[in-house]
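See structure below.
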Amino acid sequence: MFLTRDTGLRDTGQKVPELVEGPSRNSIISLLAQQEAWEDFLAYRLLKGRFDWHEFDEADTYVEQERYLPLATRIAQGENLGIPKKKTINKMGTGKKRVVYSFEPDEMLMLKLIAFLLYKYDSHFSPNCYAFRRGKKAHDAIIAINKAIRSQRMWAYKLDIHDYFNSISIPILLPLLKETLADDPSLFCFFEAMLTNPKVCINKNKEVAEEQHGVMAGTPTAPFLADVYLNEVDHYFDENNVIYARYSDDIILFATDFETLQQHKATLLRFLEKYQLEVNPDKEKIYSPDEPFEFLGFKCHGHDIDISEATKQKMKGKIKRAAKALLRWKNRNHIEAEKAMKALINVFNRKFFENDDPETLTWSRWFFPLINQTEGLKEIDHYLQQNIRFLSTGKHGKSNYKVDYNQLKSLGYRSLVNEYYKSKEITDSVRATAG
């Protein structure tokens, strides 16, 4: 069990729990000081493509030199992490803002290891929960839904929880978390200390304020804690044989008739009220059996899977803003049009096909493996081409078409549709060889 003390080591302003006997050998807290656990963690992230080689080399050196030991020791002795930093960033390039939190780099890396080790609790979660699950991904939700629906005419209700991670009630979460981590009281006490510390650093001047911050979006353990929070909800719909899927703050459920759908909706909303969560009204929608439903960026209608309307609008917004910014840069610095056009092409080649950030899913990784329709890709292709040509004149008009498709290709432009079919050919070829 824990006593209370003030370490004086960090200015958190909070009493920090202390281990009397230390964590048990099987506790995740004990594993933080074991090199084998770190090596397994690095190998897993490397195999999953979550490290580039530079990041892996730095992390491998960090582990080889056992630089994790001082922090692991302090955590085992009951010391809390430092004060998290609060940051407001653009939300998916839409111009909207979202709040994220981070700790010091070594603390964030430690939380990533803890998140990796938390997969041991995966069996506690319902099969209709798809976020932060080993061996499950968002694509599996779409596949499972389409398989469950088959040729049935189904009504659907979809919602998005407003600011989910940061609005989670810690007093409600802690008993749920204690039950989940019943075999690891040391780990529970670590989380309790981290989550109940209200202090956050709110600006570059390191000014500290106190606030309710939920499980702190942006921290590596937040997805696990968010799954714990709505575990009861997920299990309820699974046990009552409702076609339902949740990926973090996105939820969709189905029914064969409108009245039953309304009943399921009412039940879900009662659960969210119980957990003090708010629905984002802009992302709440009922779909009739005759219209495609949208979930996780996909638009599904029968066996047809395409990119959702919301996804297309977000991407068009990103393209438009990037093109306008590059035009201002071009005019202000008297840059040649081709240089600005090439810059816009490079921005979206990275977003669509490759990215220096291994944590970022490109369109080729997210959409290509699952979609079987290309209308959405064609629409984005056409819109991007328009904006590349816009940089040649600063206007939208027929004169822009003096820049033909071959010129766009010479600047590095890659069509989403063409790249999609190339990826399908490679996939089909691999399957044929494996077969």
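Residue numbers count from 1 along this sequence. Just so you know, these numbers come straight off a predicted model, no measurement behind them.
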Under the rule for ring-ring contact (aromatic ring centres under 6.0 Å, His included), what residues qualify as partners of [X], not counting sequence neighbours?
X	result
Phe368	Tyr420
Tyr62	Trp38
Tyr244	Phe237
His396	Phe390

| task | Check Leu272, Asn280, Asp250 against Ile161 for a side-chain contact (heavy atoms from CB on, under 4.5 Å) and give me the one that passes. | result |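 By the side-chain contact (heavy atoms from CB on, under 4.5 Å) criterion, Ile161 pairs with just one of Leu272, Asn280, Asp250: Leu272.
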
| task | Using the side-chain contact (heavy atoms from CB on, under 4.5 Å) rule, pick out the option among Val63, Leu109, Leu46 that qualifies with Phe41. | result |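 By the side-chain contact (heavy atoms from CB on, under 4.5 Å) criterion, Phe41 pairs with just one of Val63, Leu109, Leu46: Leu109.
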
Which pairs with one or both residues in [range] pass salt bridge (Lys or Arg N to Asp or Glu O under 4.0 Å), sequence neighbours excluded?
range	result
residues 369-382	Lys312-Glu379, Lys316-Glu379, Glu375-Lys378
residues 126-149	Asp122-Arg133, Lys137-Asp140
residues 251-261	none

| field | CA sep, side-chain torsions, deciding dist, call: Tyr164, Ser248, side chain to side chain contact (heavy atoms under 4.5 Å, CB included) | value | CA-CA 8 Å; Tyr164 177 40; Ser248 189; 4.3 Å; yes

| Any salt bridge between Glu425 and Lys422, counting N to O under 4.0 Å? |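 No, no charged N to carboxylate O under 4.0 Å.
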
| query | So, Phe293 versus Phe254, ring centres under 6.0 angstrom or not? | reply |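 They qualify: ring centres under 6.0 Å apart.
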
| request: Would you please classify the geometry between the Tyr405 ring and the Tyr413 ring as parallel, tilted or perpendicular, with 30° and 60° separating the classes? | output: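 It falls in the perpendicular class, over 60°.
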
| task | Assess whether side chain to side chain donor-acceptor pair (under 3.5 Å) is satisfied between Arg389 and Ser392, documenting all intermediate values. | result | CA-CA 5 Å; Arg389 292 186 172 106; Ser392 68; over 6 Å; no

| request: Could I get the full list of salt bridge (charged side-chain N to carboxylate O under 4.0 Å, His left out) partners for Lys265, not counting sequence neighbours? | output: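 None.
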
| field | Residues forming a salt bridge (charged side-chain N to carboxylate O under 4.0 Å, His left out) with Glu294, sequence neighbours excluded | value |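 Here no residue qualifies.
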
| request: Begin with the C-alpha distance, continue with both residues' side-chain angles, and end with the deciding distance and a verdict on side chain to side chain contact (heavy atoms under 4.5 Å, CB included) for Lys86 and Glu211. | output: CA-CA 11 Å; Lys86 179 181 179 180; Glu211 65 176 30; 3.0 Å; yes

I'd like a table of donor-acceptor pairs (distance under 3.5 Å, sequence neighbours excluded) in which one partner is a side-chain atom from residues 149-156, with atom names and distances.
residue: Gln152; atom: NE2; partner: Ala148; partner atom: O; Å: 3.1
residue: Gln152; atom: NE2; partner: Ile149; partner atom: O; Å: 3.4
residue: Arg153; atom: NH1; partner: Asp290; partner atom: OD1; Å: 2.8
residue: Arg153; atom: NH2; partner: Asp290; partner atom: OD1; Å: 3.2

What's the spacing between [X] [atom1] and [Y] [atom2] if we round to 0.5 Å?
X	Y	atom1	atom2	answer
Lys120	Ile28	NZ	CD1	5.5 Å
Gln385	Ile345	CD	CD1	9.5 Å
Thr362	Phe353	OG1	CZ	8.5 Å
Leu277	Ile168	CG	CD1	7.0 Å
Ile202	Thr88	CD1	OG1	10.5 Å
Gln313	Ile380	CD	CD1	8.0 Å

| request: Heavy atoms only: give me the nearest Ala193-Asn80 pair and the separation to one decimal. | output: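 Looks like O-ND2, 3.3 Å.
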
| What is the minimum heavy-atom distance between Thr374 and Val417, and which atoms define it? |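 So the two residues come closest at O-CG2, 4.3 Å.
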
| Stepwise, does the ring pair (Phe, Tyr, Trp, His ring centres under 6.0 Å) test hold for His139 with Phe298? | CA-CA 9 Å; His139 290 178; Phe298 295 93; 5.7 Å; yes

Under 3.5 Å, which donor-acceptor pairs link side chains of residues 328-344 to any protein atom two or more places apart or in another chain?
residue: Asn331; atom: ND2; partner: Leu327; partner atom: O; Å: 3.4
residue: Asn333; atom: ND2; partner: Trp329; partner atom: O; Å: 3.0

| field | Derivation of the side chain to side chain contact (heavy atoms under 4.5 Å, CB included) call for Thr221 and Val215 | value | CA-CA 8 Å; Thr221 53; Val215 298; over 6 Å; no

| said: Treating Asn166 as the side-chain partner and Ala217 as the backbone partner, does any N or O pair qualify as donor plus acceptor under 3.5 Å? | reply: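 Here the side-chain-to-backbone pair exists.
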
Distance-only donor-acceptor pairs under 3.5 Å for side chains of residues 224-232, two or more places apart:
residue: Asp227; atom: OD1; partner: Arg246; partner atom: NH2; Å: 3.2
residue: Tyr229; atom: OH; partner: Ser169; partner atom: N; Å: 3.4
residue: Tyr229; atom: OH; partner: Tyr275; partner atom: O; Å: 2.6
residue: Asn231; atom: OD1; partner: His235; partner atom: NE2; Å: 3.3
residue: Asn231; atom: ND2; partner: His124; partner atom: O; Å: 3.2
residue: Glu232; atom: OE1; partner: Lys274; partner atom: NZ; Å: 2.9
residue: Glu232; atom: OE1; partner: Tyr275; partner atom: OH; Å: 2.3
residue: Glu232; atom: OE2; partner: Lys274; partner atom: NZ; Å: 3.3

